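Input: a single structure, listed below in structure tokens.
Along the sequence shown, residues are numbered consecutively beginning with 1. Only a predicted model underlies this, so the values are computations on that prediction, with no experimental measurement involved.
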Amino acid sequence: MADNTTKKPGFFAKVKNWFKGIGKFFRDTKSELKKVVWPSKSQIINNSVVVLVVMIIAAVVILLLDMLFGGIMHFVLEAAASL
């Protein structure tokens, strides 16, 4: 009968493999960052302006809706109080 026991790696082997994994992670990360196409300064400025304009428009729409619904609630509460 064959003996199927396998020796588990020791503590130091596990630590060594862990550090190899960290090194591989950073090498892979570096190679992936080389593939990134970074935007130009003008693209960043253009995108930032678009985001700011959309935020301002959204804020104005929310303000107008808040004023509208607040006015409706005020009208309903005044009407209910006068009954």
Worksheet item: Which residue pairs pass the salt bridge (charged side-chain N to carboxylate O under 4.0 Å, His left out) test with at least one member in residues 32-48, sequence neighbours excluded?
Response: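 For residues 32-48: E32-K35.
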
Using a 3.5 Å cut-off and no angle test, enumerate the donor-acceptor pairs between side-chain atoms of residues 13-23 and protein atoms at least two apart in sequence or in another chain.
residue	atom	partner	partner atom	Å
N17	ND2	A13	O	3.3

Worksheet entry | Results of side-chain contact (heavy atoms from CB on, under 4.5 Å) for S40 - residues two or more places apart only |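 Expected list: S42, Q43.
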
Item to complete: Linking directly or through intermediates, with side-chain heavy atoms under 4.5 Å: list the remaining ILVMFWY members grouped with L33, chain and number order.
Response: V36, W38

Which pairs would a plain distance check flag for residues 51-79, meaning a side-chain donor or acceptor within less than 3.5 Å of a matching protein atom at least two apart in sequence or in another chain?
none

